[in-house]
Amino acid sequence: MRILVIGSGAREHAIVRALALTPSGEPTGNVLFAAPGNPGIGDFAERSRLDILDPNAVAARAVELGVDLVVIGPEAPLVIGVADAVRDAGIPCFGPSINAAKLEGSKSFAKQIMSAANVPTAGSVTVDDVAALPAALDQFGPPYVVKNDGLAAGKGVVVTDDKGVALAHGESVIGGGGKVVVEEFLDGPEVSLFCITDGTTVVPLAPAQDFKRLGEGDTGPNTGGMGAYSPLPWSPPGLVDDVLEHVARPVIAEMARRGTPFQGVLYCGLALTSRGVRVVEFNVRFGDPETQVVLARLRSPLAELLLAAARGELADFPPLEWSDDAAVVVVIAAENYPARPVTGTAIEGVRRASEVPGGYVLQAGTDLDKGGRLVSAGGRVLSVVGLGPSLEAAQSTAYLGVARVRLAGSHFRSDIAAAVTRDLRKHNPGSPGAAG
Ligand code: AMP
Ligand code: GLY
């Protein structure tokens, strides 16, 4: 199959890798193109420059390359209709239409859909007038949760006990012409579940957990995500079925009923509260870094799965197969991420890190300088993946890889999957490598 992948992050590197290699590491035979990609993606795909926010340019490139499928990684092209343009050009595209992408593009729209479909989520009010903010905050009390209604590249949500900080965030968004969603605080662990759908049939992938905060022990500001792991040995039995029945299928059905079917991946961000599962957010694309661990464990052919979704043929797709291995990913971030990451710094050791058995390195904010050296070019620079027969083994593999990378000023969290592996050891003292 000839496939064009749009995007340039570690998520897209993970997608391209899964399209290029079978689980045993043999070439799949797919012919891959990426725009714009990154140097790591270039190992598997022919890269080209392209304005990925220009729907006609993306469609024209897909036609020119004669691809059988376009896969759109990030949300920004989706919310402006790139998938629509590709489909209008007659090429199957994995990714929702402009109307369906509103599930991520507008948090108040997502709330309306959830309300119509009876999907459990945090109570909320949408506010577009500064004068109404204090009452909205008081309605739910602390901790306060204030979200930019629109896309904000991971910086739109403030969760705080400080009413002044909550007010200031709301005022700044509304002052800029936007609106905010103020909502009830959801307690409990978070889970990300990606649901592949053709608009009718919904196929869940394996759940994962990501680490959104910058600092050890979940402290500091929210980031795009500093690490992730899968599977989740602690998750309640029946979680995936519960989310399918009460979240994903009702939302997909509601979108279809409105004449705006959702096709692609519905990222269900969930909180497992004492009162049951609640939706924290929807995204309309794969999550980063969760994709790095989820696709590491998928044994079914990704290209065929995404094409089946794009063509409306998921009902005929065989049940997904998963590796028994666990996967852990640790993100290496540039100096000063997430504020203003330092770029242009030399990166060394990527090849040596990829030689750790069971490990490999996915690139995100990287580039080649004039001399052909790999340098940092963004905030989250590398995703180091470890696979192993247990979460603990996967975790040590990932950190062995991290230790081989040199990037001056960079930082990473040293506690990715630490709590879960500690719990596994506690409950299975005889088997330090307790299978995850
Ligand atoms: P979102 O962009 O909506 O996923 O929000 C980013 C992060 O903020 C989430 O992953 C949560 O960690 C946190 N968050 C969002 N909404 C809530 C909520 N209602 N209660 C508690 N934490 C939340
Ligand atoms: N890992 C969070 C996200 O992709 O939005």
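We number each residue from 1, following the sequence as shown. Basis for what follows: all heavy atoms, side chains included, without hydrogens, waters or symmetry-related copies. Just so you know, ligand 1 is whichever comes first in the structure, and atom 1 is the first atom listed for that ligand.
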* Applying side chain to side chain contact (heavy atoms under 4.5 Å, CB included), name anything that partners T397, two or more places apart in sequence or on another chain. => V356
* Those residues that, when tested against E171, pass side chain to side chain contact (heavy atoms under 4.5 Å, CB included) (two or more places apart) ->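 E171 satisfies side chain to side chain contact (heavy atoms under 4.5 Å, CB included) with V130, L133, L167 only.
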* Asked: Does the side chain to side chain donor-acceptor pair (under 3.5 Å) test come out yes or no for K111 and T121, once each step is laid out?
  -> CA-CA 8 Å; K111 289 288 189 190; T121 184; 2.9 Å; yes
Output yes when [X] and [Y] qualify as a salt bridge under the 4.0 Å nitrogen-oxygen rule, no when they do not.
| X | Y | answer |
| --- | --- | --- |
| D43 | R17 | no |
| E75 | R285 | yes |
| R258 | E254 | yes |
| K147 | E184 | no |

* To do: For the pair S48 (side chain) and A35 (backbone), establish whether a donor and an acceptor sit closer than 3.5 Å, ignoring hydrogens and angles.
  =>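 Answer holds: no.
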* Asked: Taking the side chain from D84 and the backbone from S97, do they hold a donor-acceptor pair closer than 3.5 Å?
  ->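 It does not hold such a pair.
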* To do: Could you please provide the protein residues found below 4.0 Å of ligand 2 on a heavy-atom basis, arranged by chain and number?
  =>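 Only D210, K212, G224, Y267, N283, R285, G287, D288, P289, E290 have heavy atoms that fall under 4.0 Å of ligand 2, ordered by chain and number.
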Classify the contact between [X] and ligand 1 as side chain, backbone, both or neither, using a heavy-atom distance cut-off of under 4.0 Å.
| X | result |
| --- | --- |
| V145 | side chain |
| D187 | neither |
| K147 | side chain |

* To do: Could you verify whether a donor N or O on one side chain and an acceptor N or O on the other, from S192 and D210, lie under 3.5 Å apart?
  =>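 The answer is no; no qualifying pair exists.
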* With sequence neighbours left out, what residues match Y267 under ring pair (Phe, Tyr, Trp, His ring centres under 6.0 Å)? -> F194
For [X], take its heavy atoms, then give the atoms of ligand 1 lying under 4.0 Å from any of them.
| X | result |
| --- | --- |
| N222 | 7 (C), 8 (O) |
| K212 | 10 (O) |
| F185 | 20 (N), 21 (C) |

Of all the non-hydrogen atoms in the protein, which one sits nearest to [atom], and at what distance?
| atom | result |
| --- | --- |
| atom 11 (C) of ligand 1 | E190 OE2, 3.0 Å |
| atom 19 (N) of ligand 1 | E183 OE2, 2.7 Å |
| atom 20 (N) of ligand 1 | L186 N, 2.7 Å |
| atom 1 (P) of ligand 1 | E281 OE1, 3.4 Å |

* Answer whether the closest heavy-atom distance between the side chains of V82 and I6 falls below 4.5 Å. =>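 They are not in side-chain contact.
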* To do: Could you tell me if any non-hydrogen atom of R278 lies under 4.0 Å from any atom of ligand 1?
  => no
* Asked: Out of V159, N283, V157, who gets a non-hydrogen atom closest to atom 6 (C) of ligand 1?
  -> V157
